[in-house]
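Residue numbers start from 1 in every chain, and the chains themselves are labelled A, B, ... in the order their sequence lines are given, proteins ahead of strands.
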Number of protein chains: 2
Amino acid sequence: MVKTRWSSGGQAGQPPQQSGSNVTMEFKHQPTATLAEVAEAAGVGESTVSRVLRNHGSFSGKTRERVMAAVERLGYVPNRIAGTLASTGSRLVAFVIPSLSNIVFPDVLRGASAVLEENRYQAVFSVTDYDPGKEEALAAAMLAWRPAAVMLAGCEHTEGTVKMLRASGCRVVELLDLDGDALDIAVGFSNRAAGRESAAFLLKRGYRRIGYVGHDLNRDTRAGKRFSSFCETLAAHDAPLVAREILPGASSVENGRLGLERLLAQTSDLDAVYFSNDDMALGGYFHCLAEGIAIPSKLAIFGYNGLDIGRATPQPLSTIRTPRVATGQIAAQMVVANAPPQAVDLGFELIEGATA
Amino acid sequence: MVKTRWSSGGQAGQPPQQSGSNVTMEFKHQPTATLAEVAEAAGVGESTVSRVLRNHGSFSGKTRERVMAAVERLGYVPNRIAGTLASTGSRLVAFVIPSLSNIVFPDVLRGASAVLEENRYQAVFSVTDYDPGKEEALAAAMLAWRPAAVMLAGCEHTEGTVKMLRASGCRVVELLDLDGDALDIAVGFSNRAAGRESAAFLLKRGYRRIGYVGHDLNRDTRAGKRFSSFCETLAAHDAPLVAREILPGASSVENGRLGLERLLAQTSDLDAVYFSNDDMALGGYFHCLAEGIAIPSKLAIFGYNGLDIGRATPQPLSTIRTPRVATGQIAAQMVVANAPPQAVDLGFELIEGATA
DNA sequence: CAGCAAATTGGTAGCGCTGCCAAAAAAACC
DNA sequence: GGTTTTTTTGGCAGCGCTACCAATTTGCTG
C-alpha cells in the first residue's frame, strides 16, 4: 500500500517508509512535464505546442504529429491553472447551492454539468445550507477562482452578495425562481404561479377545507413564496387555509409524515392538504396508507416538484412538475454562449395524479 | 435588464445596446483590483499585503489595518488562480462521480463538501454516467487543474486512468468500495460483504425461493459485486437464486416496480426478492401495495442503501444502510490531513425493517 | 527565377501571486 | 551610545501558460 512517492523529511528519492508508522509523512508532488519540456522534446517552439494542443492558429500536419508524439511520450497534461491565468477568460463555472439533500439541486447540477462538460467547462460547487450569510462567504470564495459564471439558487441574496457579484464582472445566473429582479440571467419559473395554480386546482376539484404541511420556510424562500400565494388564492376564493403545520428543519419524507399526523390531530374535517414539496407529500401519503385514510376521497394530497417516485406510488402523486434538469441545461447553455442578460421562464406542469 | 457592462464591438464604456437586439454581444470582464494595486493603495509592498491576507509570516498590527482598509476600499478579491500557480499545492479537490441521479453520490459530496469548506478547499466535479472511458477523459480534464486530490467511485478503472492518476502525483481517493486494490486511499465498505449479509439475513428468516431485480450491472460494478456474492451465498446454502430480472438503464423506482412485475409474471412461488438498491426496492414495494400482495408474508422485499424514505413507508424497508455521508467526510478529512495511503472500512448496518 | 502573398513558426512579455532573500526598522542588551 | 537580536518589510524571480508580433518558410504567379 505504501507508495514510493511518499517520503519523510522532504528527501526525494528515499526508499518508502514502513507502512503503519505513525510518523507524519509529507506528500511530495511529482514533477509534471511542462509545455516547455514538450516543446523541446518535439523540437519545436512553445507557442507551436500551445497552438497544436488548443487546435487554434495554424500548424502543419507534420508538426502536429511530432507534438502529439512528444505529449504522449512524456505523459503531458496541460496545466489549466497556468492557462487560465495567462488567458483572459476562465472556463470554471461556480455553483453556490443551498443543499445537496434536496434532490432539486443535484438535478440542476446534472443538467448543467452535461452541457458544461461538452463545452470543456469545469463545474465547481459549494453548499450554503440555506444560510444567506454563508452564501455570501461562499460566493466570495468562488469569485477568487475567477469563474466565467456564478450560479445561485433563487433571487434573494444579501446586499453584500449582490454588490460583490455586480463588481466581479462575471456572469451571474439565478436559478429556479423568477419572482424578483434578476441580477443578470435568471432561469426557472415562478414559484408564486406554482402556489397559485396548486390552489386553483384543489379549488376546482371542489376541496374547501384545505390545510398545509411544510418545512422551515424562512430558509427555503421559494417554498415560502409558493405557500403565500397558495394562501392568497384560497382566500380570494372564500376558502381560506384552515390549518397549517410547519416543521423546523429540512424537508423530508419523515417530516411530511409527522407533519400530517400532527395536522390531522389538530384539525378535523380537512379535505385536502398541500405540502411544501413531494418529499413531504410522500410522507403524508404514507401516513394515510398506514392509517387507512382513503385517498383522495377522505383526504386529498398535493405536492410540488414532480419527482419520479411520485409516478410509481400505488396512486400517482398529484403535484407540479418542475423543469429542474432543464433549468441546469439552459443555464449552462446561456453561460457557454455568453447570452445577454435575460430571464428565461421554463414554466412547470401540473400533474393531476390520483391523490387529489 | 440590460447591464452597462455589456457593450458591442469591444468598445468599453459605450452605452448599452437595446435589449432584444439580435446582435451578438461580447462580454467584457471588468478590471478587478490586483494585489499590486492594494499594495500601492495601502502604501506597503506586495509581499506585505500577501502576508497579511494569508495571515502568514509577521507584520505589525498597524500594517494589518492599513492593508485591510485598502482591501475594503478597493473591494479586492484575491485571485486564487494566480495564487495556486505561484505556490506549490492547490486547494482544489476533484470528484469524478458516476451519476447525480443516484442519491448516493450527492450524499458523498455533501459529506465531503462540508469538511472541505471548513478547510478552505474547493470542490470540483464531473459526471461519468458510469462510463469508464468517460471517467478516463474526465479524470484527465480534472488533473489539468492540478487538484490536491481526485476522488473516484469504486476501484475499477481503465488502465489509462490508473496510469494517469499514478503519474499525476496527486492524492487519489476511491470511494464506496473496498473490494479491490486501492491506488492510494480508499474509503467505504465491502459491497461483497453487503451482498453476503443480505443473503444470510433472508436465509436466516427462512426464505428459500429468492429472486432478484436489478438495473444495468455492467455499468454499476458495485451493484454487480453485491449481486454476485448474494448469489454465491444463496448457492452455498442450497437455496440458489430462483429467478432474476435485470433492467437496462439506471436504477429508479419505476424500474423497480416494472422489474418486480415482470419477475412475478415469469416465476411463481417466490418468497423473497433482493433488489439492487432501495430505489428499485421501493418500486417493488409499491407494486405489492398496488396489487395487494401481502408483505412480507406473501413476498419479502430487501433493498440496499438505507435511504431515509424507507423508514417512513407504512412498513419500514428491510435494507442495508450505507455510510454515504460519512464516506465523503472521512475521505475529505484524509485529504486535508494528507493521511498516508490506507483503506478505511466504514462498514454498514443491516436494517431489519418490516418488509422481510 | 525573381517577387509577393499565405502559411508556419519561434521569441518573449506578461497574467497575479508566492517564496526567498536581503534590507530596514524596532527592540533588547551590555 | 553602540551592538546584537529580533521583527517587519520590500524587491524580484519565477509558477506554466497564452497572446502578440516578427521572422521564417512555403506556395504561386508571371
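With sequence neighbours left out, A:V124 forms a side-chain contact (heavy atoms from CB on, under 4.5 Å) with A:L92, A:M142, B:Q122, B:V124. For A:D129, the salt bridge (Lys or Arg N to Asp or Glu O under 4.0 Å) partners two or more places apart in sequence, or in a different chain, are A:K134. The side-chain contact (heavy atoms from CB on, under 4.5 Å) test applied to A:A140 returns A:M164, not counting sequence neighbours. By the salt bridge (Lys or Arg N to Asp or Glu O under 4.0 Å) test, A:K163 is found to be paired with no residue, residues two or more places apart in sequence or in another chain being considered. With sequence neighbours left out, A:A114 forms a side-chain contact (heavy atoms from CB on, under 4.5 Å) with no residue at all. For B:E136, the salt bridge (Lys or Arg N to Asp or Glu O under 4.0 Å) test picks out no residue, with sequence neighbours left out.
Residues B:V93 and B:P147 have side chains not in contact (no heavy-atom distance under 4.5 Å, counting atoms from C-beta outward).
Running 5' to 3' along DNA chain D, contacts with non-hydrogen atoms of chain A at under 4.0 Å begin and end at D:dG16 to D:dA19.
For residues 63-84 of chain B, the set of pairs meeting the side chain to side chain donor-acceptor pair (under 3.5 Å) definition, not counting sequence neighbours, comprises B:S60-B:T63. For residues 116-167 of chain A, the set of pairs meeting the ring-ring contact (aromatic ring centres under 6.0 Å, His included) definition, not counting sequence neighbours, comprises A:F125-B:F125. The salt bridge (Lys or Arg N to Asp or Glu O under 4.0 Å) contacts involving residues 41-62 of chain A comprise nothing, where partners must be two or more places apart or lie in separate chains.
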Checklist entry - How would nucleotides 11-21 of chain C be written as a contact map, 5' to 3', with B for base contact, S for sugar-phosphate-only contact and - for no contact, using protein heavy atoms under 4.0 Å? => result B--BBBBBB--
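Checking the phosphate oxygens (OP1, OP2) of C:dG10, a side-chain nitrogen or oxygen of A:T48 falls inside 4.0 Å. The side chain of A:S60 contributes an N or O atom lying less than 4.0 Å from OP1 or OP2 of C:dT9.
Between its two ends, the helix from C:dC1-D:dG30 to C:dC30-D:dG1 turns its axis by 30°, counting five pairs per end and rounding to 10 degrees.
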